[in-house]
J.: 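One structure coming up, written as structure tokens, with questions to follow.
Reckoned from all heavy atoms, side chains included, excluding hydrogens, waters and symmetry mates. Bear in mind the structure is a predicted one, so any value in this text is a computation, not a measurement.
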Amino acid sequence: MGKFLYQKAREEIISLIQDGDIKPSEKIMPERELSELLGYNRMTIKKAINSLVAEGVLMKKRGAGTFLLGTDNSNKFDIGDEAPISLSQGIKVKGMISSSFVESFKIIYDTPELMTIFGDYFEFFELIRVREAGSEAVSIQKAYFPFRLFKDAHRYDFSQFSLYDYMEYKNKRPIIFKKRFFARRVEKNMNLEKIGARAGEYVLCIEYLGYTEQNELVEYTQSFFDSNKVNLAIEIPR
């Protein structure tokens with residue numbers, strides 16, 4: 001199903017924020033002007049703005065207009081299923097440069113934890129990427145996927161090419177995810193120093209399994225975050 005028009009308009013407003021056309025604490029242009037600029041009718045723009053207000057990106061002031069919320073002094077970024085925008089967008093909204101790089105990419109063998117998770121495989125690609133806000137690391141992501149399913153992955157530069165685009169090219173893009181959020185105790189061999197995590201300390205971890213439409217498990221990923229730089233936003237079932 002395609003996106004509703006207001007969702008597309010919402011993304012274009014976020015792009016204006018990311019590009020610096022709307023700055024923190026600044027009043028956004030009136031709905032009529034946004035409608036003319038982006039090419040949507042005013043009702044669509046109004047709904048897009050209201051959704052960003054509900055998500056905490058924009059704020060309406062009675063009699064004054066709608067404003068982009070200012071950055072907080074802590075420079076914390078919202079993550080999790082209930083975060084209004086992605087981590088990358090959140091970094092850009094705060095006026096910082098969002099970037100990532102590949103720390104390492106290699107094949108690993110006979111790893112008991114991965115063999116238990118995937119079952120039929122014993123060779124895996126390990127892709128470690130670091131997400132930065134400005135010059136500071138915010139998260140380290142460790143992704144694992146079976147060598148047997150993606151034998152030519154080593155030919156791709158995943159600092160320039162999306163892992164999920166590659167998996168889609170192989171007709172094995174994950175679309176179903178099972179997630180778990182928890183505090184993880186750092187062990188000596190985890191190599192999380194870039195986010196300031198030392199052995200014995202705890203970091204926020206988001207762990208997820210990615211399944212294809214055919215319910216085939218193709219990805220296991222752990223994302224580690226500097227808890228001083230993020231806020232976790234999740235919905236708690238009642």
Side-chain angles (χ1 to χ4, degrees), residues 10-11 13-26 52-59 67-105 126-144 158-160 162-164 177-210 219-236:
R10 170 190 176 280
E11 291 180 357
I13 294 172
I14 288 176
S15 292
L16 291 176
I17 296 170
Q18 292 176 340
D19 293 340
D21 296 317
I22 306 173
K23 295 179 172 55
S25 301
E26 184 176 79
L52 290 171
V53 170
E55 292 165 355
V57 177
L58 301 177
M59 176 179 64
F67 295 77
L68 174 62
L69 287 179
T71 58
D72 56 44
N73 293 331
S74 66
N75 278 331
K76 283 194 171 185
F77 310 103
D78 291 331
I79 60 170
D81 294 338
E82 294 300 302
I85 53 181
S86 70
L87 174 60
S88 177
Q89 291 171 334
I91 292 171
K92 292 177 180 179
V93 163
K94 288 180 179 290
M96 307 173 74
I97 296 174
S98 174
S99 61
S100 64
F101 64 88
V102 174
E103 175 81 0
S104 70
F105 184 41
E126 178 190 66
L127 174 61
I128 300 179
R129 292 172 290 186
V130 180
R131 168 71 64 183
E132 292 184 322
S135 60
E136 295 188 0
V138 176
S139 71
I140 295 176
Q141 183 186 75
K142 299 182 179 183
Y144 302 91
F158 290 110
S159 65
Q160 304 293 326
S162 164
L163 175 60
Y164 285 167
F177 297 94
K178 296 181 180 178
K179 296 185 180 181
R180 187 164 70 105
F181 305 85
F182 60 100
R184 175 73 181 267
R185 184 181 174 87
V186 178
E187 300 171 8
K188 290 183 178 180
N189 61 347
M190 291 178 66
N191 299 319
L192 300 180
E193 292 81 6
K194 280 189 170 59
I195 58 172
R198 296 175 296 182
E201 298 179 340
Y202 285 86
V203 294
L204 173 63
C205 180
I206 301 179
E207 177 183 86
Y208 54 91
L209 303 171
E219 173 200 13
Y220 168 65
T221 292
Q222 289 183 324
S223 292
F224 303 94
F225 297 86
D226 180 347
S227 57
N228 294 314
K229 293 187 174 71
V230 297
N231 294 312
L232 178 60
I234 60 173
E235 181 179 4
I236 300 176

J.: From Gln222 CD over to Ile140 CD1, what is the distance, rounded to the nearest 0.5 angstrom?
T.: 12.0 Å

J.: Looking at every heavy atom in both Ser99 and Gly134, which two are closest together, and how far apart are they?
T.: OG-O, 4.4 Å

J.: Can you tell me how far apart CG (Leu58) and CZ (Phe67) are? Round to the nearest 0.5 Å.
T.: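 Rounded to the nearest 0.5 Å, the CG-CZ separation comes out at 11.0 Å.
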
J.: Side-chain contact, heavy-atom cut-off 4.5 Å: Lys229 with Leu87?
T.: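 No; the side chains remain at least 4.5 Å from each other.
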
J.: Parallel, tilted or perpendicular for Tyr144 and Tyr220, by the 30°/60° rule?
T.: parallel

J.: Which heavy atom in Arg129 sits nearest to a heavy atom in Val102, and how many Å separate them?
T.: CG-CG2, 4.1 Å

J.: Dump the intermediate steps for side-chain contact (heavy atoms from CB on, under 4.5 Å) on Lys76 and Val230, then the final yes or no.
T.: CA-CA 5 Å; Lys76 283 194 171 185; Val230 297; 5.9 Å; no

J.: Can you name the nearest heavy-atom pair linking Gly80 to Leu232, along with the distance?
T.: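 Minimum heavy-atom contact is CA-CD1, 4.1 Å.
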
J.: Heavy-atom distance under 4.5 Å between the side chains of Phe105 and Ile128, does that happen here?
T.: no

J.: Taking all non-hydrogen atoms of both residues into account, name the closest pair between Lys188 and Ala199 and its distance.
T.: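 Closest pair (atom of Lys188, atom of Ala199, distance): CG-CB, 3.9 Å.
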
J.: For a 4.5 angstrom cut-off between non-hydrogen side-chain atoms, does Val203 reach Asp226?
T.: no

J.: Looking only at heavy atoms, what is the nearest atom pair of Tyr208 and Ser223, with distance?
T.: CE2-OG, 4.4 Å

J.: Determine yes or no for a side-chain-to-main-chain donor-acceptor pair under 3.5 angstrom, with Lys23 supplying the side chain and Leu68 the backbone.
T.: no

J.: Is there a side-chain contact between Phe101 and Arg131 in this structure, where contact means two heavy atoms from C-beta onward sitting under 4.5 Å apart?
T.: no

J.: Are the side chains of Leu204 and Ile79 in touch, meaning some heavy atoms are under 4.5 Å apart?
T.: yes

J.: Does Glu103 come within less than 4.0 Å of Lys194, counting only side-chain N to carboxylate O?
T.: yes

J.: So, taking the atom named SG in Cys205 and the one named CZ in Arg185, what distance separates them when rounded to the nearest 0.5 Å?
T.: 15.0 Å

J.: Begin with the C-alpha distance, continue with both residues' side-chain angles, and end with the deciding distance and a verdict on side-chain contact (heavy atoms from CB on, under 4.5 Å) for Val138 and Ile195.
T.: CA-CA 6 Å; Val138 176; Ile195 58 172; over 6 Å; no

J.: I need the Asp78 CG to Asn231 CG distance, nearest 0.5 Å.
T.: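 Nearest 0.5 Å value for the CG-CG distance: 5.0 Å.
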
J.: Measure the spacing between CZ of Phe158 and OH of Tyr164 and express it to the nearest 0.5 Å.
T.: 12.0 Å

J.: More than 12 non-hydrogen atoms from neighbouring residues, nucleotides or ligands closer than 6.0 Å to CD on Glu136, yes or no?
T.: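 Counting other residues, nucleotides and ligands, CD of Glu136 stays at 12 neighbours or fewer.
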
J.: Dump the intermediate steps for side-chain contact (heavy atoms from CB on, under 4.5 Å) on Glu207 and Arg180, then the final yes or no.
T.: CA-CA 5 Å; Glu207 177 183 86; Arg180 187 164 70 105; 3.0 Å; yes

J.: On the six-membered ring of Phe182, is Arg184 placed so that its NZ or CZ lies under 6.0 angstrom from the centre and within 45° of the ring axis?
T.: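 Because its charged atom misses either the 6.0 Å distance or the 45° angle limit, Arg184 does not stack over Phe182.
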
J.: Over all heavy atoms of both residues, which pair between Gly210 and Phe177 is shortest? Give the atoms and the distance, please.
T.: CA-CD2, 3.8 Å

J.: Assess whether side-chain contact (heavy atoms from CB on, under 4.5 Å) is satisfied between Ile14 and Leu52, documenting all intermediate values.
T.: CA-CA 9 Å; Ile14 288 176; Leu52 290 171; 4.0 Å; yes

